[in-house]
Amino acid sequence: MQPYFQKHWANPGAVYAEGVRARQALEDARLTVARILRVRSEDILFTGGGTESNNLAIFGVVEYLHATGRAFDDMEILTTKIEHPSILEAVAVLAAQGVRVTYVPILESGRIDMERFKTLLSSKTVLVTTAYVNSEIGVVQDIKKLTRIVRAWNKEHTAHVLVHVDASQAPLWFSCAVDMLGADLLTLDAGKCYGPKGVGVLVRRHRIPLRPRTFGGGQEGGLRSGTENVPLIVGCAKAIERAQQQHEKRSALVKTLRDQFFRLLTVHVPQSVVNGSLEHRAPNNVNISILGLDSEYAVIWLDAKGIAASTKSACGAGKGNGSDVVREMTRDEKRALSTIRFTLGEETTLKDVTRAVEVLTAHCIRVQGTGTAN
């Protein structure tokens, strides 16, 4: 990224030599991401991050259909109640305009109830939007099965239901090859895979028509006007490339540490309950409930000891009402109010994991009188 902050800093839309150099870097980055995701370079749109990509996908589809004559109340979106706020709040805005939003039931494992999903597709359905990996509990959805169901529905009913997948949490751990997943639209966020924050990708296959959210100079195929941030885009492409090239090895190493984390919790914090499937789970996610524990206070305590944890998605933090994801999945208010999430990374060590459990155990003993120190 550094040369594009200092040396090749020109506007990539300019026709003079410096601008042409910046434009080449931008298009090289686009080609890199396209190659990694197995799509065409023109399918890659650079955005300001995962939230913007999700919004552009959802509003873009619905508002394009509306602009071409379809009434809002003749459209339906299928999603779930455990999605990232950038999906849930976007569909809520559209619901207020008349679009029908149907929430697919979630099993206690945190996975979509596929049998119910099959029955919910209708003649009004225009979009299905869900996350590949849940941002709070780390549960991995069977996207390939979901897209097969939609394709079969489209074929049987001569329909054109689109599938948008928020894959922001996936690149470090799972393949994001779009042809393998079968998605029509796919979101990535560089900040979730060791890249710069404030830049992301929306994959738009087959030139799916979208209505832009910003207007002006017509950059990014007319869908994201504004001068492109070349340094961040270069960093975004490199981060996604690096993440996908090493995801299998990284997943295996981090999964070993995660499983050890869970084993230590079983021994030292036996009152803890795992939220979400262990089998279908991102390797870096440890999400538990400790019934009766003030989890917000616990996170502050852990932070004071040098351990960064959270109670929910960062984009949903600060609302003080527990985890809506765990609430929807378990129907258990006590579990929803007592969640703690630890996120592991490629630099996490067994020493880190052991210490985190030791500090959490000491806190539980201190405030609850429960837990095993040795």
Side-chain angles (χ1 to χ4, degrees), residues 50-51 53-55 58 77-92 95 101-114 116-117 120 128-143 146 164-170 172-174 187 189 191-192 258 261-262 265 272-296 298-299 302 308-344:
T51 289
S53 292
N54 285 343
N55 274 251
I58 294 166
I77 296 173
L78 297 185
T79 188
T80 79
K81 290 185 178 180
I82 66 170
E83 302 303 326
H84 189 270
S86 61
I87 290 179
L88 292 177
E89 295 189 21
V91 299
V101 178
T102 299
Y103 297 97
V104 183
I106 294 296
L107 302 172
E108 191 171 352
S109 64
R111 301 193 99 193
I112 290 171
D113 185 337
M114 290 293 182
R116 288 284 289 119
F117 173 68
L120 293 173
V128 178
T129 177
T130 191
Y132 189 177
V133 179
N134 185 272
S135 61
E136 284 193 32
I137 57 173
V139 169
V140 183
Q141 300 296 344
D142 190 344
I143 298 298
L146 183 145
H164 166 244
V165 174
D166 179 1
S168 298
Q169 299 285 344
L172 286 168
W173 320 110
F174 306 106
T187 289
D189 187 318
K192 304 301 182 186
R258 184 206 67 192
F261 203 137
F262 281 128
L265 285 170
S272 63
V273 182
V274 178
N275 294 313
S277 170
L278 280 173
E279 179 184 1
H280 305 291
R281 192 184 202 95
N284 67 324
N285 182 281
V286 174
N287 189 301
I288 59 172
S289 290
I290 303 174
L291 300 185
L293 186 73
D294 183 335
S295 57
E296 297 285 349
V299 165
L302 289 162
S310 60
T311 59
K312 61 178 84 173
S313 165
C315 289
K319 296 181 180 178
N321 59 350
S323 168
D324 289 333
V325 172
V326 174
R327 183 177 290 110
E328 177 66 21
M329 183 177 68
T330 66
R331 307 295 194 273
D332 187 328
E333 187 66 16
K334 291 181 179 179
R335 279 178 70 172
L337 292 171
S338 59
T339 59
I340 300 179
R341 180 186 63 170
F342 298 90
T343 305
L344 284 60

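Residues take their numbers from the sequence shown, with the count starting at 1.
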Walk me through whether I58 and I77 qualify under side-chain contact (heavy atoms from CB on, under 4.5 Å). CA-CA 9 Å; I58 294 166; I77 296 173; 4.2 Å; yes
Run the side chain to side chain contact (heavy atoms under 4.5 Å, CB included) test against [X] and tell me which residues pass, sequence neighbours left out.
X    : answer
V140 : Y132, V133, F174
S53  : T47, T187, L202
L291 : K334, R335, S338
S295 : T311, I340

A309 and L302 have their tightest heavy-atom pair at CB-CD1, 4.0 Å
So, taking the atom named [atom1] in [X] and the one named [atom2] in [Y], what distance separates them when rounded to the nearest 0.5 Å?
X    : Y    : atom1 : atom2 : value
M329 : S323 : CE    : OG    : 7.5 Å
L78  : T102 : CG    : OG1   : 5.5 Å
I137 : R281 : CD1   : CZ    : 7.0 Å
N134 : H280 : CG    : NE2   : 14.5 Å
Q169 : T343 : CD    : OG1   : 8.0 Å
N287 : F342 : CG    : CZ    : 10.0 Å

Check ring-ring contact (aromatic ring centres under 6.0 Å, His included) between F117 and all other residues, then give those that pass, not counting sequence neighbours. none
Between N54, N55, D189, which is the residue that forms a side-chain hydrogen bond (donor to acceptor under 3.5 Å, both in side chains) with S86? N54
Please name all residues satisfying side chain to side chain donor-acceptor pair (under 3.5 Å) with [X], sequence neighbours left out, ordered by chain then number.
X    : value
S168 : D166
E83  : T80, T130
D324 : R327
T339 : none

Which residues satisfy the salt bridge (Lys or Arg N to Asp or Glu O under 4.0 Å) test with R111, sequence neighbours excluded?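 R111 satisfies salt bridge (Lys or Arg N to Asp or Glu O under 4.0 Å) with no other residue.
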Applying salt bridge (Lys or Arg N to Asp or Glu O under 4.0 Å) to E108 and not counting sequence neighbours gives none
Using side-chain contact (heavy atoms from CB on, under 4.5 Å), reason through T79 and V128 one step at a time and then give a plain yes or no. CA-CA 6 Å; T79 188; V128 178; over 6 Å; no
